[in-house]
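Comments concern the structure below.
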2 protein chains.
Amino acid sequence: MKLGEFVAQNGIPLSRTEGQYVFRQGEQDTSLYFVKTGLLKAYYLSADGKENIKSFILPGDHIGSLMASHAGKPCSFSLLCLRPCELTKLPFATLYEAVRTDPEISAAAVDFLLNFAMKKEIREYELLCLSAEERYRRLMENTPDLLKLVTQNEIARYLGVTPVGLSRIKKRVMA
Amino acid sequence: MKLGEFVAQNGIPLSRTEGQYVFRQGEQDTSLYFVKTGLLKAYYLSADGKENIKSFILPGDHIGSLMASHAGKPCSFSLLCLRPCELTKLPFATLYEAVRTDPEISAAAVDFLLNFAMKKEIREYELLCLSAEERYRRLMENTPDLLKLVTQNEIARYLGVTPVGLSRIKKRVMA
DNA sequence: CATGACTTTTGACCTGGGTTAATTCCAGAA
DNA sequence: TTCTGGAATTAACCCAGGTCAAAAGTCATG
């Protein structure tokens, strides 16, 4: 993919150890991050201290705060490394600039965004239409490997239930 | 916006009366629709007959099935007119072609998709992190006019609760 | 004014998942 | 092998919202 080359040439390598943040909710971070190795979680922290996990980010995936990069607002979520990570950091402005001047990059960006939008639609569908149990079943089918990489606590926060709730769902599903 | 011109020049005008479908879940429809006037709802129908409303589409908004247009799958939701509608239909392939050849269109498409992705992120956040009551409060604040355009039944299905549930939430919120 | 056909509200009851707190399970350190 | 601290399970209790069914609005039409 042409976009991959662009990122490799214009991005800045970045290492993070387990437990380090890439950025925190409320901060201003206008870069995109492409994951070479490692594992991260993007999560919202509510005013009353509840954590909700937006997504897990695996090698080959990418992440960044659209709110911060494109709308000039603070990041609405935090990005934390669950494993040591090798990332490539690309300032959003660099890509946005390239979109205006390089047609090939621009077309690649459109593809990139189309895929991104489709993923978001699927997640929206799952949250709107499926029960927590159905979401858990889907996760088991679609990304069973993820279940081994993160704690059940985190799976729960990703599915939109508490760890206690997920434990009950598991029992029910296995029976 | 440059994209608006492109749509006006390359799109096909389309009229629909209240109650007519633009496309139905399961069909193959690879066009984007830009709303001039009217009101539509995009909704999922589950196997057991439950309706969940993905979004309401107002004048100035746009809609289309990414799954169908970009991934070659059938539409995952239906698009129904709640009022007589004047639309502009633009085959996705036409736009996609233009993206490859016209840098200006391409850049506009990137902006378009960025805005789209941001909206999706907000909805994802609301569904993941907020209770039905909080979602209702937000809706009242952000788009109070919508409450007058559609039935409470439909508002409920948009918020992810039943009409009965919403009636109770309303009572609670007003008190 | 009366008649349907909705839409909304209410009531009774049920259930999935939240909350809190106590256990039980580990896996790694000593 | 034994500690120890976090992860997961279990139990008891609670509540938001679901379901079903009845009642009460609402409103266009004859």
Side-chain angles (χ1 to χ4, degrees), chain A residues 17-20 39 41 43-53 56 80-84 126-140 144-175, chain B residues 17-20 39 41 43-53 56 80-84 126-140 144-175:
Chain A
T17 62
E18 185 170 334
Q20 278 192 314
L39 172 66
K41 74 170 173 184
Y43 68 95
Y44 299 102
L45 203 59
S46 70
D48 55 332
K50 299 204 190 313
E51 175 180 328
N52 284 99
I53 298 183
F56 297 104
L80 175 66
C81 297
L82 298 179
R83 295 278 186 289
E126 292 176 343
L127 291 168
L128 178 64
C129 301
L130 305 182
S131 68
E133 178 173 332
E134 289 168 315
R135 293 199 290 272
Y136 175 64
R137 294 192 122 100
R138 279 209 173 204
L139 191 66
M140 284 192 8
D145 16 334
L146 188 64
L147 299 178
K148 284 158 212 151
L149 294 177
V150 302
T151 67
Q152 195 167 305
N153 192 310
E154 284 161 327
I155 296 287
R157 262 62 165 101
Y158 173 72
L159 295 176
V161 296
T162 60
V164 178
L166 179 54
S167 175
R168 283 191 287 235
I169 289 171
K170 268 180 71 179
K171 202 209 272 192
R172 204 191 306 150
V173 167
M174 286 202 288
Chain B
T17 63
E18 185 169 333
Q20 278 191 314
L39 173 65
K41 74 171 173 184
Y43 68 96
Y44 300 101
L45 203 58
S46 70
D48 55 332
K50 299 204 191 312
E51 174 179 329
N52 284 100
I53 298 182
F56 298 104
L80 174 66
C81 297
L82 299 179
R83 296 278 187 288
E126 292 176 342
L127 290 168
L128 178 64
C129 301
L130 305 182
S131 68
E133 177 172 332
E134 289 168 314
R135 293 199 290 272
Y136 175 64
R137 294 192 122 101
R138 279 208 173 204
L139 191 66
M140 284 192 10
D145 17 333
L146 188 64
L147 299 178
K148 284 157 213 151
L149 294 176
V150 303
T151 68
Q152 196 167 304
N153 192 309
E154 284 161 326
I155 296 286
R157 263 59 166 103
Y158 173 72
L159 294 176
V161 295
T162 60
V164 178
L166 179 54
S167 175
R168 284 191 285 237
I169 288 171
K170 268 180 69 179
K171 201 209 272 195
R172 204 192 306 151
V173 167
M174 286 202 289

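Every chain is numbered from 1, with letters handed out A, B, ... down the list of sequences. From a predicted model like this one, the values you see are computed outputs, not experimental measurements.
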Using a distance-only criterion (donor-acceptor N/O pair, under 3.5 Å, no hydrogens), is the base of dG18(D) paired with the side chain of R168(B)?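 Present.
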Integer-rounded Å distance: [N] [atom2] and [X] [atom1]:
X	N	atom1	atom2	value
Y136(B)	dG17(D)	OH	C1'	16 Å
L147(A)	dA7(D)	CG	C1'	15 Å
K171(A)	dT15(C)	NZ	C1'	16 Å
N52(B)	dG17(D)	CG	P	15 Å
E134(B)	dA16(D)	CD	C1'	12 Å
E133(A)	dG17(C)	CD	P	7 Å
L128(A)	dG17(D)	CG	P	15 Å
I169(B)	dT10(C)	CD1	P	14 Å

R157(A) or N153(B), whichever maps to the more 5' nucleotide of DNA chain C: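 Its nearest nucleotide being more 5', the pick is N153(B).
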I want to check something: taking the side chain as every heavy atom from C-beta on, are [X] and [Y] in contact at a cut-off of under 4.5 Å?
X	Y	answer
R157(B)	K41(B)	no
L82(B)	E154(B)	yes
C81(B)	E18(B)	no

Nearest listed nucleotide, side chain of [X], among [options]:
X	options	answer
S167(A)	dG17(D), dG17(C), dT9(D)	dT9(D)
T162(B)	dT8(C), dG17(C), dT19(D)	dT19(D)
T151(A)	dA7(D), dG16(C), dA16(D)	dA7(D)
Q152(B)	dT10(C), dT8(C), dG18(D)	dT8(C)
V164(B)	dG17(D), dT19(D), dG18(C)	dT19(D)
R172(A)	dG16(C), dT19(C), dT9(C)	dG16(C)

At under 4.0 Å between heavy atoms, what does L166(B) touch on the DNA or RNA strands: base, sugar-phosphate, or nothing?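 Here L166(B) touches no strand at all.
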If only side-chain N and O atoms of K170(B) are considered, is one of them under 4.0 Å from the OP1 or OP2 phosphate oxygen of dT9(C)?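 Indeed, a polar side-chain atom of K170(B) lies that close.
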With respect to the phosphate group of dT19(C), does any side-chain polar atom (N or O) of K50(A) fall under 4.0 Å of OP1 or OP2?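 Answer is yes, contact under 4.0 Å.
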Under 3.5 Å: donor-acceptor pair, side chain of R83(B), backbone of L149(B):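 Answer holds: yes.
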Take R138(A) and E134(A) through the salt bridge (Lys or Arg N to Asp or Glu O under 4.0 Å) test and state the conclusion after the steps. CA-CA 6 Å; R138(A) 279 209 173 204; E134(A) 289 168 315; over 6 Å; no
